[in-house]
Amino acid sequence: MQLRQLKQALEALLFVTEQPLSEQQLLAYFAPEQVSKKQLLAVLDELRQDYAERGVQLQQVASGYRFQTRTELGGIISRLWQEKPPRYSQALLETLALIAYRQPITRGDIEEIRGVSVSSQIMKTLQERGWVKVVGHREVPGRPQLYATTSEFLDYFSLQDLSELPAIPDAPAPLRNSAQAAQIPAETATDIE
Amino acid sequence: MQLRQLKQALEALLFVTEQPLSEQQLLAYFAPEQVSKKQLLAVLDELRQDYAERGVQLQQVASGYRFQTRTELGGIISRLWQEKPPRYSQALLETLALIAYRQPITRGDIEEIRGVSVSSQIMKTLQERGWVKVVGHREVPGRPQLYATTSEFLDYFSLQDLSELPAIPDAPAPLRNSAQAAQIPAETATDIE
Amino acid sequence: MPAEQQSLPLGFVRGEPVIEKPEDLYIPPEALELILESFSGPMDLLLYLIRRQQLDIVELPILPITQQYMEYVAMMKELKLELAADYLVMAAILAEIKSRMLLPKPVADDDDEIDPRAELVRRLQEYEAIRQGAAQLEQLPQAGRDFSPIQLATDVRDQLELPEPNVSLAELALAFSQALATAQLQHHHQVEREKLSTRERMSRILDLLQTKPRIRLQEVFTAAEGRQGVVVSFLATLELVKEALIEVVQVEPFSDIYLSQRVTADAIETA
């Protein structure tokens, strides 16, 4: 087998296999072509040099040789899988708001105020986001978890501490007209901005 | 973005994606870096040249650019696969050739030329592989489905478009009016390319 | 059905027969069967018969070809190959053409009399073109057979951070008001407003108690926060005690005051 052909075949092989290939595996693979270990190592070294400045590189890892993308490109490559920013539901926002303004607070407290049960998915999302964490348990039957906001939460909203959260006007007296009641916070929001 | 960095990123990107990437997709991807179409094409061309003599090559196919192993290495690389690649039957190849060369075409047209009824298994295989799809109906009684090839078909055979199919003689002119009706789509197909 | 059998090397390559056909009919039946099965249909067989005589399709010598075709069909029957109806259809077409060829031509009359073979010739020409197309497709590089598209595995994906959602502070405040408004409409009880900084400090103290079971009261005060900070921390501690979230212990007068998590056993007992 010509050296040029061996190099091409080796290169292609390392690109198509999912797992790294060890010296032994490569030698076994090229046994029909009677490639010696010395030849193999020389060609691998050549390939390594060829790819030194490229977007992908030949790396030797514990289980053998493999091509992988250049480390510095991680950021730009990862955009491939970047998801769109999520849009949060009203239920999630209210839950987050209650945790922020009324912490430490249990899920039961939130449910009592909102009048509806809080989905586990919402609590999971808020925790995965790193905005909410469990800071303890209320020592009552069932020992419900107490939730509080995190420093990441403050960072995200550029707050130094919770006292910087927008003040909420005293809750309005209960109204018959629910539409009107709903209107009040909307106006508040504009003021805050 | 520096040209060198763009080249590395583009190279890495084309290596990690499963599907070929089109010019439009690549431009959209590098929109944050404000890469122009001219720059993109220049870098793609450079990459193509860089890999011209290597074991893997940058290939332009119907749905975009991708890296693939050098065709001449076929045998030596396919040793890697446990199973042999499928060999397609003459009947399937003739059916596929009819659809590829004379599209859009009905099953009736295929049966007329091949002199045999088309097995449903063959049409199913071709559609499951994603090589063939229904593109409409011929407006005659029964409204038979019109079949055409897909970009996956072209990708599979490393083609950019139908004009790259090896030439075969044109369909002979029809004799009668009835036959003529059947012939029209074949002429249309040439235009579609 | 034989028409859909895979083409064998004994059949055609690029439209040309590779083997010499059963000229003499003394071929072993097994081989004959292979040959017969290798035809992808009646058109394939017909084309083979024409090409065997090194004739052009347009010359289509209908008499001998029809005869040979019938012989093959008979052989297929004899070998009990599952004979596709399509072969019989073609036999009928050939027979019809033959009979029309044998009829005396009507005198004068039509110049536009069409050769009875013309339609079949057209079909054969088109079929031959397609056979050629099929052979060329077969020879094109094929994914998985001649090359493999490359998809490098990468762990870059794992490094991906969750995308930042887009929530504004105003939205959060609005959501809070709405939650409170709902609460009032539903429960008709006043939800008290409390000093936020106190609630935050409560969280912080509880958080601290997650890491250590006990902290000294002094630890909750930060001198840098000044008077107001100390007041907030103190209020928070009192609030935590009031809400029974922590315990405050002083072993003896003037000794250090410790804050600790409520002991679980207590909770169980009270439960």
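Each chain gets a letter, A, B and so on, in the order the sequences are listed, and its residues count up from 1.
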Exercise for review: Spell out, as yes or no, whether a donor-acceptor pair under 3.5 Å connects the side chain of B/Glu164 to the backbone of B/Gln160.
Suggested key: yes
Point to revise | Expected output: side-chain B/Gln57 to main-chain B/Ala52 donor-acceptor under 3.5 Å | key: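 Yes, because the side chain of B/Gln57 sits within donor-acceptor range (under 3.5 Å) of the backbone of B/Ala52.
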Practice item. Could you check which of B/Pro20, B/Ala12, B/Pro86, B/Ala97 has the highest count of heavy-atom pairs closer than 4.5 Å to chain C? Key: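 Among B/Pro20, B/Ala12, B/Pro86, B/Ala97, the one with the most close pairs to chain C is B/Ala97.
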Review point. Most heavy-atom pairs under 4.5 angstrom with chain C, which of B/Leu96, B/Leu73, B/Thr71, B/Ile77?
Key: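 Going by pairs under 4.5 Å, I would pick B/Thr71.
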Practice item. Answer with side chain, backbone, both or neither: which region of B/Ala167 has an atom nearer than 4.5 Å to a non-hydrogen atom of chain C? Key: backbone
Review point. By a 4.5 Å heavy-atom criterion (distance strictly below it), what part of B/Thr17 contacts chain C: side chain, backbone, both, or neither?
Key: backbone
**Study point:** Minimum-distance pair of heavy atoms, taken over all atoms of B/Val140 and B/Pro144
**Key:** CG2-CD, 3.5 Å
Practice item. Might you work through the ring pair (Phe, Tyr, Trp, His ring centres under 6.0 Å) test for C/Tyr87 and C/Phe39, ending with a clear yes or no? Key: CA-CA 11 Å; C/Tyr87 281 92; C/Phe39 293 114; 7.8 Å; no
